[in-house]
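Any value given below was found using the heavy atoms of this structure, including those in side chains, with hydrogens, waters and symmetry copies removed. Whatever order the structure lists them in is the order used to number ligands and atoms, beginning at 1.
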Amino acid sequence: MNMAEIRHPNALRGRWLENEPMAKHVSWRAGGTAKRAYLPADRADLALMIAGLPAGEPIMFVGLGSNLLVRDGGFPGTVVFVHSVLGSIERVGAQAIRVGAGAASPKLARFAALHDLVGAEFLAGVPGTIGGALAMNAGCYGGETWRIVCEVTTLGRDGSFMTRSPDDYEIGYRHVALHPRTSAREEWFVDATFLLEAGSGVEGRARIKDFLARRIATQPLNQPNAGSVFRNPPGDYAARLIEACGLKGHRVGNAAISAKHANFIVNLGGARAADIEALIELAQQNVRAHSGIGLECEVRIVGEPA
Ligand SMILES: Cc1cc2nc3c(=O)[nH]c(=O)nc-3n(C[C@H](O)[C@H](O)[C@H](O)COP(=O)(O)OP(=O)(O)OC[C@H]3O[C@@H](n4cnc5c(N)ncnc54)[C@H](O)[C@@H]3O)c2cc1C
């Protein structure tokens, strides 16, 4: 796409970035550039920009980049950053909270506990946005994002907003897709309403504290990472399978399989996306050879190799 192909550019109030290094925007602190990136001024500006992009332009919404790797050759389209504009959070009923897709997920956990609503505590340690949590069906410690969603608003490629219910989606373990019976369109999340249970905020805060302490004890949080790289296969743990292959601490370039948690890959400083991807493939090959199990990637890998 050429910038001249964007419709009504003068009406847009957001900010364009060209050849934006995505290492600045993903928790792995590695990877290539986005050909273009857009920082919308507000929700209406976002809709206008999306509607003005030529058909065929690849679009990727990015939250806090905590589950994302952009290959070293870059993303050949438009990246949209929503965390600076869609960050609202408000109570909209006795047990309902509406949150913008750009708000950090831990903010919902804390806000809910402050209002004596429980069920969102698990999100306290998921370091992404609500948009990312919806796209991934993020979960941990027995909680899962879509179990507490009652409604979402999405933005389609034509710039129109739509309200959807969980019934419109096929939802599974780290998987969310529009149900085939829905009107298919390319769309992204702009907000979600969560329905929680009335309960003790004091107990909710204690659970949050416990979840965070467990993470500090078991995850390499002092090194750039993207959380669990692989989905756990049914009845087993990816970390256990990788560790059984003797891969803890194994290094490719400046990336390594964490010595603390084998389902984490850490950037030791200056890793390329290709180093991380090589470790992903190595772990998959070794686990398949060792136990016959095919590990599926949980992190999203996009863009082109260098
Ligand atoms: C230390 C650490 C611990 C983690 N622990 C957990 C955990 O316990 N459980 C868990 O599930 N995950 C975990 N993760 C992974 C990650 O935090 C979650 O998947 C999170 O929900 C991703 O949110 P994000 O905003 O960072 O998404 P991004 O990484 O920015 O994007 C992820 C995907 O979501 C899409 N996306 C983002 N925003 C939108 C939107 N508004 N509309 C449509 N699509 C969108 C992106 O295009 C991309 O495909 C962890 C990560 C780290 C670094």
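Every protein residue with a heavy atom nearer than 4.0 Å to ligand 1 is included here: S27, M60, F61, V62, G63, L64, G65, S66, N67, L68, A101, V126, P127, G128, T129, G131, G132, A133, A135, M136, A138, G139, C140, R174, W188, F189, R215, Q219, L221, N225, A226, G227, E298, R300.
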query = Under the side chain to side chain donor-acceptor pair (under 3.5 Å) criterion, do D191 and T153 qualify, and how do the steps go?
reply = CA-CA 5 Å; D191 67 38; T153 309; 2.6 Å; yes

key: V79/R36 under side-chain contact (heavy atoms from CB on, under 4.5 Å): CA gap, chis, key distance, verdict   = CA-CA 6 Å; V79 159; R36 273 166 300 281; over 6 Å; no

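A donor-acceptor pair under 3.5 Å is formed between the side chain of N286 and the backbone N or O of L282. The backbone N or O of T78 sits less than 3.5 Å from a side-chain atom of E57, completing a donor-acceptor pair.
Not a single side chain to side chain contact (heavy atoms under 4.5 Å, CB included) links D116 to another residue, sequence neighbours left out.
Between Y169 and F189, the ring planes are tilted. Angles from 30° to 60° get that label.
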